[in-house]
Amino acid sequence: MSITVRVPAKVNVQLAVGAPRPDGYHDLANVFLAVGLYDTVTATPADGLRLTVTGPDAAQVPLDGSNLAARAALALAERAGRTADVHLHIAKDIPVAGGMAGGSADAAAALVACDALWGLATPREVLLSICADLGSDVPFSLVGEAALGTGRGEKLEPLPVGGTFHWVFAAADCGLSTPAVYREFDRLCEGREVPAPTASPELLAALRDGDPHALAATVDNDLQAAALSLNPALAATLAAGTEAGALAALVSGSGPTTAFLAEDAPAAARIAEALAASGTCRSARVAASPAAGATVVGQDPEPGRDTVAARADQG
């Protein structure tokens with residue numbers, strides 16, 4: 001048996017960041033929106049835990065114990081009292097280190113795939129608890145659609161979305177470390193009071209109404225200044241998308257991917273074409289939101305011989 005799970009990227013239409021907590025994390029009001037850029041994770045039986053990766057920037061994906069998909073498989077196996085004898089193949093399409101939760105998405109997909117492969121039928125709330133232990137963005141990758149994340153982002157409240165929103169995502173030439181961006185946020189805020197994070201009622205209403213113009217007027221990312229401080233070239237990308245007609249332009253999460261809200265699908269295509277020609281980004285992709293969370297999309301009872309060479313073995 002092999003199980004294939006598809007999982008979406010995310011954009012933060014609001015990311016309100018509080019002061020550092022004693023544990024080093026920050027309280028957040030994080031409005032997640034899942035978008036139609038996907039990774040897939042395929043789980044097949046193996047002698048031990050093994051990872052392979054294909055797709056854009058696959059060489060940047062770690063295959064050691066820091067890989068969140070591997071950690072997800074190990075955590076689920078430990079809970080089930082079994083060994084993590086599985087080959088996880090990750091087909092990447094979400095930008096790596098781009099602020100779109102690609103690693104978190106792979107972890108959620110690995111959980112769902114291994115749970116199905118091993119016939120565990122783990123309750124949803126238990127899967128979400130494992131997700132929260134793995135990382136702040138992992139629970140949302142499991143559930144998808146739209147949600148308000150509080151705490152460090154792992155406590156989710158589903159949000160209604162009244163329509164389809166059209167986006168363009170511009171990939172930068174280099175990644176940004178999320179911890180480094182938070183450290184820069186703290187440095188920039190040094191000496192002033194950081195308010196407690198709260199979700200914008202106007203933004204939540206815009207999502208509920210499916211109104212791209214109202215959403216454009218309310219999107220906000222408290223980490224954007226820190227991302228621009230560490231990578232000033234992102235300002236040119238944001239300007240190029242705005243000049244091309246985007247209703248709103250912002251850094252996605254901790255960056256460096258930049259997100260542009262478009263009025264409709266044709267407008268998104270025009271913005272993507274202009275960004276690709278601007279010389280300010282590596283590539284530009286269109287995607288619609290919301291999108292479903294980690295979902296089984298394939299089951300093969302007799303998988304063919306594995307033809308993807310592993311870049312490393314992992315136990």
Side-chain angles (χ1 to χ4, degrees), residues 8-21 25-35 99-101 104 136-137 139-141 143-169 178 181-182 184-186 188-189 192-229 234-235 238 241-242 245-255 257-264 267-268 271 287-291 293:
K10 60 83 179 170
V11 63
N12 307 96
V13 289
Q14 182 187 3
L15 182 50
V17 181
R21 308 188 318 198
Y25 290 102
H26 297 69
D27 280 324
L28 305 175
N30 193 350
V31 181
F32 292 104
L33 195 57
V35 300
M100 299 188 73
S104 296
S136 300
D137 288 345
F140 178 71
S141 295
V143 303
E145 301 293 345
L148 169 62
T150 54
R152 55 183 168 84
E154 84 284 9
K155 301 173 184 177
L156 298 178
E157 176 189 342
L159 296 174
V161 180
T164 300
F165 293 96
H166 298 275
W167 296 90
V168 179
F169 296 96
T178 297
V181 174
Y182 273 97
E184 183 66 2
F185 170 84
D186 291 338
L188 294 174
C189 293
R192 65 180 177 88
E193 184 177 353
V194 178
T198 58
S200 162
E202 293 80 10
L203 182 139
L204 299 183
L207 285 176
R208 184 184 63 243
D209 296 341
D211 185 340
H213 291 273
L215 183 62
T218 53
V219 295
D220 190 43
N221 180 2
D222 283 353
L223 293 182
Q224 181 159 310
L228 289 170
S229 176
L234 296 178
L238 292 170
T242 301
L247 300 179
L250 72 160
V251 173
S252 179
S254 60
T257 300
T258 45
F260 304 88
L261 181 60
E263 185 165 21
D264 51 28
I271 294 164
S289 63

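All residue numbers refer to positions in the sequence shown, counting from 1. The structure presented is a predicted model; accordingly, all values stated were derived computationally and were not measured.
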Between S252 and T257: side-chain donor-acceptor atoms closer than 3.5 Å: no

Student check: side-chain heavy atoms of L261 and F165 closer than 4.5 Å: yes

Side-chain donor-acceptor pair present, E184, S229, cut-off under 3.5 Å: yes

Residues V13, L203; criterion side-chain contact (heavy atoms from CB on, under 4.5 Å); working and verdict: CA-CA 8 Å; V13 289; L203 182 139; 4.0 Å; yes

Flag side-chain contact, heavy atom, 4.5 Å: Y25 against P20: no

All salt bridge (charged side-chain N to carboxylate O under 4.0 Å, His left out) counterparts of R208, not counting sequence neighbours: none

Separation of L33 CG from L207 CG (nearest 0.5 Å): 6.0 Å

Full working for side-chain contact (heavy atoms from CB on, under 4.5 Å) between D137 and F32: CA-CA 9 Å; D137 288 345; F32 292 104; 3.5 Å; yes

Name every donor-acceptor pair, under 3.5 Å, that has one atom in a side chain of residues 148-161 and the other anywhere in the protein, sequence neighbours excluded.
| residue | atom | partner | partner atom | Å |
| --- | --- | --- | --- | --- |
| R152 | NH1 | A132 | O | 3.4 |
| R152 | NH1 | S136 | OG | 3.1 |
| R152 | NH2 | A132 | O | 2.8 |
| E154 | OE1 | R152 | N | 2.9 |

Polar side-chain atom of D209 near backbone of D211 as donor-acceptor pair, under 3.5 Å: no

Minimum-distance pair of heavy atoms, taken over all atoms of V35 and A287: CB-CB, 4.4 Å

Partner set under side chain to side chain donor-acceptor pair (under 3.5 Å) for H166, not counting sequence neighbours: none

Shortest non-hydrogen separation from G163 to P290 and the atoms involved: O-CD, 3.6 Å

Contact summary for A199 and A29, nearest pair of heavy atoms: N-CB, 3.7 Å

Straight-line distance of L250 CG to T242 OG1, nearest 0.5 Å: 10.0 Å

Gap between atom CG of L15 and atom CG of N30 - 0.5 Å precision: 5.0 Å

Aromatic plane relationship, H26 with F185 - under 30° parallel, 30 to 60° tilted, over 60° perpendicular: perpendicular

With F260 via ring-ring contact (aromatic ring centres under 6.0 Å, His included) - residues at least two apart: none

Those residues that, when tested against Q224, pass side chain to side chain donor-acceptor pair (under 3.5 Å) (two or more places apart): none

Anything under 3.5 Å between a donor and an acceptor, one on a side chain of residues 216-223, the other on a protein residue two or more places apart or in another chain? List them.
| residue | atom | partner | partner atom | Å |
| --- | --- | --- | --- | --- |
| T218 | OG1 | A214 | O | 3.1 |
| T218 | OG1 | L215 | O | 3.1 |
| N221 | OD1 | L223 | N | 2.8 |
| N221 | ND2 | V251 | O | 2.8 |
| N221 | ND2 | G253 | O | 2.8 |
| D222 | OD2 | V17 | N | 2.9 |

Minimum heavy-atom distance A262-P212, with the two atoms named: O-CB, 4.2 Å

Inter-residue atom distance I271.CD1 - F169.CZ, 0.5 Å rounding: 11.5 Å

Nearest atoms (heavy-atom pairs only) where P8 meets A291: CB-CB, 4.1 Å

Polar side-chain atom of Q14 near backbone of S200 as donor-acceptor pair, under 3.5 Å: yes

Shortest non-hydrogen contact from S254 toward A227: O-CB, 3.9 Å

